[in-house]
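When a ligand or atom number is given, it counts from 1 through the structure's own listing order.
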Amino acid sequence: MNWINSCAVLLLLASLIFVPSCYYDNEEELYPFVECDTTAVTYTETVLPVLENNCYVCHSAAANLGGITLEGYQNLLTYVNSGRFLGAIRRQEGFSPMPQNASQLPDCTLDQIEAWINLGAPEN
Ligand code: HEC
């Protein structure tokens, strides 16, 4: 194999390694200076999808792991008001880090949830 062929092989290998990695890039990593919008935060649009995607697998009414149900606004509110909801997702000392056995939620998501709590955790 001459060196031109070797180069072609290397290029091919490099593209195989790097191209698929694009699928895992997320907006926050690609554009680290994109502002996190914490203004238009609501229960339905902001908080609920996070719970559905990251928490209901263990904390739906049916699953109720650890005796904790976050499904339904009133149920969630109990944990918001006790501080356990924010303590767990912010992974503060004295709280079980959530979501369990998974990475911490993205910073922007945490900021948006906290902004919603600071608005009084409205059912909107
Ligand atoms: C894989 C299952 C699993 C997932 C996913 C999960 N939890 Fe939990 N969670 C548990 C279990 C089990 C407990 C009770 C034992 C413990 O505290 O570690 C618990 C406890 C908690 C507590 C009480 C913690 C405390 O220290 O008082 C809160 C609040 C909580 N979870 C919120 C969440 C939120 C919010 C999410 C999603 C972002 C989530 N959990 C995702 C299993 C899970």
If we ignore hydrogens and angles and just use 3.5 Å, is the side chain of Gln112 paired with the main-chain N or O of Asp37 as donor and acceptor?
yes
Which of these, Thr78, Asn64, Asn75, sits in a side-chain hydrogen bond (donor to acceptor under 3.5 Å, both in side chains) with Thr69?
Asn64
When you measure from atom 15 (C) of ligand 1 to every protein heavy atom, which one gives the shortest distance, and what is it?
Gln100 NE2, 4.5 Å
For the residue pair Leu77 and Tyr43, establish whether any side-chain heavy-atom pair is separated by less than 4.5 Å.
no
For atom 14 (C) of ligand 1, which protein heavy atom lies nearest, and how many Å away is it?
Gly66 CA, 3.7 Å
Return a yes/no value: protein heavy atom under 4.0 Å from atom 43 (C) of ligand 1?
yes
Closest non-hydrogen protein atom to atom 23 (C) of ligand 1, residue and atom name please, with distance?
Ile68 CD1, 3.3 Å
Within 6.0 angstrom of Gln92 CD, more than 12 heavy atoms from elsewhere:
yes
Could you check atom 26 (O) of ligand 1 against the protein and tell me its nearest heavy-atom contact, residue, atom and distance included?
Ser96 N, 2.9 Å
Look at atom 2 (C) of ligand 1 and say which protein heavy atom is nearest, naming residue and atom and giving the distance to 0.1 Å.
Cys58 SG, 1.8 Å
Nearest protein heavy atom with distance in Å, relative to atom 5 (C) of ligand 1
Asn54 O, 3.3 Å
Report yes if some N/O of Asn101 lies less than 3.5 Å from some N/O of ligand 1; otherwise report no.
no
Counting heavy atoms only, which of Gln92, Glu52, Arg84 comes nearest to atom 29 (C) of ligand 1?
Arg84
Option passing side-chain contact (heavy atoms from CB on, under 4.5 Å) with Asn124 (candidates Thr42, Val47, Val41, Thr46):
Thr42
So which protein heavy atom does atom 31 (N) of ligand 1 come closest to, and at what separation?
His59 NE2, 2.9 Å
Under 4.0 Å from ligand 1, counting heavy atoms only, is it the side chain of Leu70, its backbone, both or neither?
side chain
In terms of residue, atom name and distance, what is the protein heavy atom nearest to atom 36 (C) of ligand 1?
Cys55 SG, 2.7 Å
